[in-house]
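Predicted model, so just to flag it, every value in this text is computed and none were measured. Letters go in sequence order (proteins before strands), and every chain restarts at 1.
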There are 2 protein chains.
Amino acid sequence: MAERKIKNMEEFASVSGISRPTVSKYFNDPASVRQTTRARIEAALERYDYRPNVYAINQNRRLTKNIGVVVPYLADPFFAEIARIIERLIISAGFRPILLSSHGEQKLENDFLDGLRSLKPAGVLLAPLGRASDRGHIERFCKDVPTVLFDSNLDGIGEAFVGSDNSSFVSHTVEYLTRTGEPPCFFEMRNPANPNANKRRVAYVEAMERHGLEPHIIKIDGEGWAFEEIGHDGALRVLAEKSLPTNTVLCSNDRLAIGFLAACYEKGLRVGRGEGCALRVASHDDHPFSRFTCPALTTAAHDYESVSTKSVDTLLELVDSGERFTERAETLFPARLVLRASA
Amino acid sequence: MAERKIKNMEEFASVSGISRPTVSKYFNDPASVRQTTRARIEAALERYDYRPNVYAINQNRRLTKNIGVVVPYLADPFFAEIARIIERLIISAGFRPILLSSHGEQKLENDFLDGLRSLKPAGVLLAPLGRASDRGHIERFCKDVPTVLFDSNLDGIGEAFVGSDNSSFVSHTVEYLTRTGEPPCFFEMRNPANPNANKRRVAYVEAMERHGLEPHIIKIDGEGWAFEEIGHDGALRVLAEKSLPTNTVLCSNDRLAIGFLAACYEKGLRVGRGEGCALRVASHDDHPFSRFTCPALTTAAHDYESVSTKSVDTLLELVDSGERFTERAETLFPARLVLRASA
DNA sequence: AATAAAAATTTACGCGCGTAAAGAATTTTG
DNA sequence: CAAAATTCTTTACGCGCGTAAATTTTTATT
């Protein structure tokens, strides 16, 4: 290998005995050249490790092989997990994922989209911040770049939306909890950043009414993405006020529940469904850490795999066709109830 | 704004009344042109939203403004946190971070480095996988691209290393634990992927001997990066065998400890330093979730901010000088003991 | 073997910008 | 105000590759 340094495709073409345009064709799609030619090129590739210049390639392409993946908060293991799956799918489809985390900030989300646009990506997968998102900005971006939203929906924006069916999450948990004990109250942030939270609240109220029960919603204060802390502090307050209307608490999401459980532990309240338990706590998401809370958290699980796969497939369909969808499809995957010790 | 669509720098130069070379100079460094010229360009920028083509720029530059940031496992909130800080520092220094996660796989680490090389980055910050890293591959990469290692050291590789002083972590915890109760045994994976784990074990033995105590190391089985699960399963086994030589357990890292605490809870063992507690558990890292374990985890905290800042500063120094360091500096930051309820 | 179809080659141009050199304009200095 | 020092303009070339058109070579078909 590396018999001599190859500067550019011209040189590489000459040492491999093939013309440059054909070599160029090979690099765009190895299957598009004759088998014998391909073999010669790949033989040369063994001897001289040449790689085409990324920038020169992309300058002349209208679209690149880049796919942007923008998530609201990568330090949340939920997004880390889904990003991991998505990245893998993108790579195996022959594209290059560019992972960006907005860190909960509108300015970053906007900046990243602007940056992405000038990278001429084939498409973008966007999990928007939600309430904190700049709708107009994202809308303009989607005009330029084929974009599929996932996780959080922004009505009418993007070519499609793929996410989880929040009402399925809540139906599962409410049904289970009411069947096995006192009906749950609903524990959430007063002003949730994420639109899924609102859907879950609505679904909770509906589910309770369907069961002929009166809903109770407990709203706690707090801004930002430090959900565990917010849940913890909110729980301490609620427990101190003894304002829980029932012994069963359904948290809007697992990160709040993690905080809630920590607070219960501090206050010496035993959580679970057995004898001697003061409270039952359940939640939604199946956060990667929810198996390791004390007690382990009963929760409704996202179908991570399906959401990831469908998001990527939808975007690739868009990319391959080179067209936009005539109508905006919304795909929602149902939840799966995961019974653990907390409820 | 957007009075008409600007295609390229030529057009933008003409509408702003400045020559293209000068405009080019402006975009490379706005301070390098006369104040009045700069004002005219920026006025034009207000009216027509033009941005130079990224690919064309980078094709002609020997080095780009890209800085690669490679971490072993982004789904670990520890790395998510440090990556967040590093990204911010890089952006504010006027560079573009490219965040990559090896997901614990050597092949991905190698592929990402190869990919980065062809992006002609100004430099790279690399937290290597550790034992799973391909030393030769990384060494060759570092010959081509100025690289600063962080978190995990690989002896002699890269221009510098910035990390935490593992022996400081362990000194703090061992000193505290021996002072306030029974001396700790050390709980760790049998074949840790991360070199820091080895340093911590050695430091534990040294610290115990310094206190005139006999070290006890408990090695548990498990491969990969699912530390919580490994810690949990290992703890269940150790507890079942009643093989703990003392009532005080010092875990090699917080993620193992999270699993350990979950196992204790399941077995009904009360953890903490108060009356009625069967065990004390402490650990190292100050993982973002360690505040929310049950009980909250006593641990030795990384100085995230210092490690991040020093890593970025060191790399930027390298980048700005355009030279390599004559000798490879290793900077280690001490730990800070964080007392919580678990020990 | 003759013909049609497919694939490769040659030639040529363009992409958008960096950058060098030489001269013109502007600003700074004394 | 003149000279010196900056800064800008003009002109020109090159980067490495995509890609189109016309031609030649190779392969597949009957």
Side-chain angles (χ1 to χ4, degrees), chain A residues 4-45 48-66 94 96 115 117-122 322, chain B residues 4-45 48-66 96 115 117-120 122 322:
Chain A
R4 88 170 197 247
K5 203 71 189 168
I6 302 289
K7 267 182 37 191
N8 53 28
M9 195 179 279
E10 193 74 54
E11 261 188 49
F12 177 75
S14 91
V15 299
S16 61
I18 310 285
S19 74
R20 189 180 67 77
T22 304
V23 171
S24 167
K25 203 149 174 290
Y26 166 84
F27 279 110
N28 288 331
D29 178 9
S32 71
V33 303
R34 199 187 297 147
Q35 184 52 46
T36 56
T37 322
R38 178 170 175 176
R40 290 172 65 190
I41 293 177
E42 284 169 354
L45 227 34
Y48 314 83
D49 68 329
Y50 161 74
R51 301 182 61 166
N53 180 300
V54 194
Y55 300 108
I57 290 175
N58 289 329
Q59 174 169 15
N60 298 309
R61 273 198 187 311
R62 202 176 56 77
L63 289 182
T64 68
K65 287 280 189 181
N66 297 327
R96 215 182 82 80
R117 190 189 342 243
S118 57
L119 290 180
K120 299 189 282 187
Chain B
R4 86 168 200 251
K5 203 68 189 170
I6 302 289
K7 269 180 37 191
N8 53 29
M9 196 180 279
E10 194 73 56
E11 261 188 50
F12 177 76
S14 89
V15 299
S16 62
I18 308 285
S19 73
R20 189 179 68 76
T22 305
V23 171
S24 167
K25 202 147 174 288
Y26 166 83
F27 279 110
N28 288 333
D29 179 8
S32 71
V33 302
R34 197 187 297 147
Q35 183 52 44
T36 56
T37 325
R38 179 170 176 177
R40 289 171 66 190
I41 293 177
E42 285 170 352
L45 269 179
Y48 314 83
D49 68 328
Y50 161 76
R51 301 181 61 165
N53 181 300
V54 192
Y55 300 108
I57 290 175
N58 289 331
Q59 174 169 13
N60 299 311
R61 276 199 185 308
R62 202 176 57 78
L63 289 182
T64 68
K65 287 281 189 178
N66 296 328
R96 213 182 83 79
R117 184 179 358 230
S118 57
L119 290 179
K120 299 189 283 188

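In this structure, A:Ala56 and B:Ser19 both approach DNA chain D, and ranking their closest nucleotides by distance from the 5' end singles out B:Ser19. Nearest-nucleotide mapping onto DNA chain D: of A:Arg62 and B:Ile18, the residue sitting toward the 5' end is B:Ile18.
Listed nucleotides: C:dA8, C:dA20, D:dC17. Nearest to the side chain of A:Thr37: C:dA8. Side-chain proximity of A:Pro21 to C:dT11, C:dA8, D:dC8: nearest is C:dT11.
D:dT9 atom P lies 14 Å from atom CE of B:Met9, rounded to whole Å. Spacing between atom NZ of A:Lys7 and atom P of D:dG14 amounts to 11 Å, rounded to whole angstrom units. Following rounding to the nearest Å, A:Glu10 (CD) and D:dG18 (P) show an atom-to-atom distance of 12 Å. Following rounding to the nearest Å, A:Asn60 (CG) and C:dG14 (C1') show an atom-to-atom distance of 8 Å. For the pair B:Arg40 CZ and D:dT7 C1', the interatomic distance rounds to 13 Å; values are reported in whole Å. Remark: C1' of D:dC15 and CG of A:Asn58 are 15 Å apart, rounded to the nearest angstrom. Following rounding to the nearest Å, A:Tyr55 (OH) and D:dG18 (P) show an atom-to-atom distance of 16 Å. Rounded to whole angstrom, the span from the CD atom of B:Gln59 across to the P atom of C:dG16 amounts to 12 Å.
Although no hydrogens or angles enter the test, the distance criterion places no donor-acceptor pair under 3.5 Å between the side chain of A:Lys65 and the main chain of A:Gly94. A donor-acceptor pair is defined here as one N or O able to donate and one able to accept, closer than 3.5 Å; such a pair exists between the side chain of B:Arg40 and the backbone of B:Gly17. Between the side chain of A:Ser16 and the main chain of A:Ile41, no donor-acceptor pair closer than 3.5 Å is present. With hydrogens and angles disregarded, a donor-acceptor distance shorter than 3.5 Å links the side chain of B:Lys120 to the backbone of B:Asn58. Within the 3.5 Å criterion, the main-chain N or O of A:Val54 finds no donor-acceptor partner in the side chain of B:Tyr55.
Within the structure, a side-chain polar atom (N or O) of A:Tyr50 is placed less than 4.0 Å from OP1 or OP2 of D:dC17. For the pair A:Ser24 and D:dC17, the criterion of a side-chain N or O lying under 4.0 Å from OP1 or OP2 is not met. Contact between the side-chain N/O atoms of A:Thr22 and the OP1/OP2 oxygens of C:dT9 is found at a separation under 4.0 Å.
Note on the helix from C:dA1-D:dT30 to C:dG30-D:dC1: terminal axis deviation equals 10°, with five pairs used at each end and the result rounded to 10°.
Looking at B:Arg51 and B:Phe27, their side chains never come closer than 4.5 Å, going by heavy atoms from C-beta outward.
Closest approach of B:Gln59 to A:Ala56, counting heavy atoms only: NE2-CB, 3.5 Å. Minimum interatomic distance between B:Ile57 and B:Pro52 (heavy atoms only, all atoms of both residues): CD1-CB, 3.5 Å. Smallest separation of non-hydrogen atoms from A:Val15 and A:Phe12: CG2-O, 3.2 Å.
A:Asn8 and A:Arg20 are not linked by any side-chain donor-acceptor pair at a separation below 3.5 angstrom, with hydrogens and angles left out of the test.
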**Request:** Heavy atoms under 4.0 Å is the rule here; annotate nucleotides 22-30 of chain C 5' to 3' with B where the base is hit, S where only the sugar-phosphate is, and - elsewhere.
**Result:** ----S----

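The base of D:dG18 sits with one of its N or O atoms less than 3.5 Å from a complementary donor or acceptor on the side chain of A:Arg20.
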